[in-house]
J.: 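Here's a structure for you.
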Amino acid sequence: MDTGVTAMYLTVPESQAPAELRTFNDVGPTLVAGTKLTISIPAEDSPQALYTFTVGDDLNPLAPRKLNLVGGSRPPFVNTSVRFLNGFDYLYDAEGGFVGLRWTGRVPQSFGRVVSPSN
């Protein structure tokens with residue numbers, strides 16, 4: 001996440017965002033309005049925090065103001081934007097190299113959540 005921008009920067013494989021979902025904004029490539037995205041942290045197969053939004057949804061406080069696609073050939077990458085912090089508290093342990101996320105409850109849980117670890 002980048003606490004200095006309201007735009008999301010995203011690399012997504014062609015298989016997950018084919019040509020018909022791609023368009024251009026004033027910066028460059030983006031996804032068409034109405035495209036639904038789910039961000040899983042750290043990964044889809046073991047999410048600890050996740051949130052969802054629709055591109056162009058101004059009513060979702062977690063949705064970025066703008067979405068910019070970057071680096072088409074690189075591995076999946078996301079810079080969530082500062083709007084991620086509307087739903088999550090963030091803690092970074094620099095000594096141990098750990099990140100902790102907590103759902104704040106300030107926005108409806110239909111937009112996101114923290115997943116409890118399985119025992």
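Just so we're clear, the structure is a prediction, and the values are computed from it rather than from any experiment.
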J.: Might you point out which heavy atoms bring T11 and P75 nearest each other, and give the distance in Å?
T.: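 Scanning both residues completely, I find the closest heavy atoms to be CG2-O, 3.6 Å.
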J.: Before you tell me yes or no, could you show the steps for V82 and T6 under side chain to side chain contact (heavy atoms under 4.5 Å, CB included), namely the whole-Å CA-CA distance, both residues' side-chain angles and the distance that decides it to 0.1 Å?
T.: CA-CA 6 Å; V82 68; T6 58; 4.0 Å; yes
J.: Between Y51 and T38, is there a side-chain heavy-atom distance shorter than 4.5 Å?
T.: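 Result no, sub-4.5 Å side-chain heavy-atom pair not found.
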J.: M8 pairs by side chain to side chain contact (heavy atoms under 4.5 Å, CB included) with which of V78, N79, L69?
T.: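 Single side chain to side chain contact (heavy atoms under 4.5 Å, CB included) partner of M8 among V78, N79, L69: V78.
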J.: Taking the side chain as C-beta and beyond, is there a heavy-atom pair between L62 and F84 under 4.5 Å?
T.: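 No, side chains not in contact.
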J.: Considering all heavy atoms of both residues, which atom of V27 and which atom of K66 are nearest to each other, and what is their separation?
T.: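 Scanning both residues, the minimum pair turns out to be CG2-NZ, 3.9 Å.
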J.: For V5 versus S81, what's the shortest heavy-atom pair and its separation?
T.: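 Closest approach of V5 to S81, heavy atoms only: O-CB, 3.4 Å.
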J.: Is there a side-chain contact between I41 and L101, using heavy atoms and a 4.5 Å cut-off?
T.: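 With C-beta onward as the side chain, the pair touches.
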J.: Does the pair Q16 and L21 meet the rule for a side chain to side chain contact (heavy atoms under 4.5 Å, CB included), with working shown?
T.: CA-CA 9 Å; Q16 292 181 2; L21 293 180; over 6 Å; no
J.: Side-chain contact, heavy-atom cut-off 4.5 Å: F53 with L37?
T.: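 When only atoms from C-beta onward are counted, L37 and F53 do touch, with a gap below 4.5 Å.
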J.: Show the nearest heavy-atom pair for residues R22 and L31, with the distance to one decimal.
T.: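 Closest approach of R22 to L31: CG-CD2, 4.1 Å.
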J.: Hey, does R102 have a side-chain heavy atom less than 4.5 Å from the side chain of T104?
T.: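 With C-beta onward as the side chain, the pair stays apart.
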J.: Should S40 and L50 count as side-chain neighbours, where that means a heavy-atom distance under 4.5 Å?
T.: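 Sidechains of L50 and S40: in contact.
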J.: Has Q48 got a side-chain atom pairing as donor or acceptor with P42's backbone, closer than 3.5 angstrom?
T.: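 Checking the backbone N and O of P42 against the side chain of Q48, no donor-acceptor pair under 3.5 Å is found.
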J.: Quick one: pull up CZ in R113 and OG1 in T52 and give me the separation to the nearest 0.5 Å.
T.: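 Those atoms lie 10.0 Å apart.
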J.: For the atom pair CG (D89) and CH2 (W103), what is the distance rounded to the nearest 0.5 Å?
T.: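 So the gap between those two atoms works out to 10.5 Å.
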J.: Which residues pass the salt bridge (Lys or Arg N to Asp or Glu O under 4.0 Å) test with D93, not counting sequence neighbours?
T.: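 Salt bridge (Lys or Arg N to Asp or Glu O under 4.0 Å) list for D93, sorted by chain: empty.
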J.: Would you indicate whether the side-chain heavy atoms of F77 and V70 approach each other to under 4.5 Å?
T.: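 Contact flag for V70/F77 side chains = yes.
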J.: I need the full list of salt bridge (Lys or Arg N to Asp or Glu O under 4.0 Å) pairs touching residues 28-43, with sequence neighbours left out, sorted by first then second residue.
T.: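 For residues 28-43: none.
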J.: Which atoms form the tightest heavy-atom contact between A49 and F88, and what is the distance?
T.: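 Heavy-atom minimum between the residues: CB-CE2, 3.7 Å.
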J.: Please walk me through it: do V55 and V32 pass side chain to side chain contact (heavy atoms under 4.5 Å, CB included)?
T.: CA-CA 7 Å; V55 175; V32 297; over 6 Å; no
J.: Supply the atom-to-atom distance N25 CG to L67 CG, rounded to the nearest 0.5 angstrom.
T.: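 Taking CG in N25 and CG in L67, the distance rounds to 8.0 Å.
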J.: On a heavy-atom basis, which atom in V107 and which in G87 lie closest, and how many Å separate them?
T.: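 Heavy-atom minimum between the residues: CG2-CA, 4.2 Å.
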J.: Where do L10 and N68 land on the side chain to side chain contact (heavy atoms under 4.5 Å, CB included) test, with the steps shown first?
T.: CA-CA 6 Å; L10 178 69; N68 300 311; over 6 Å; no
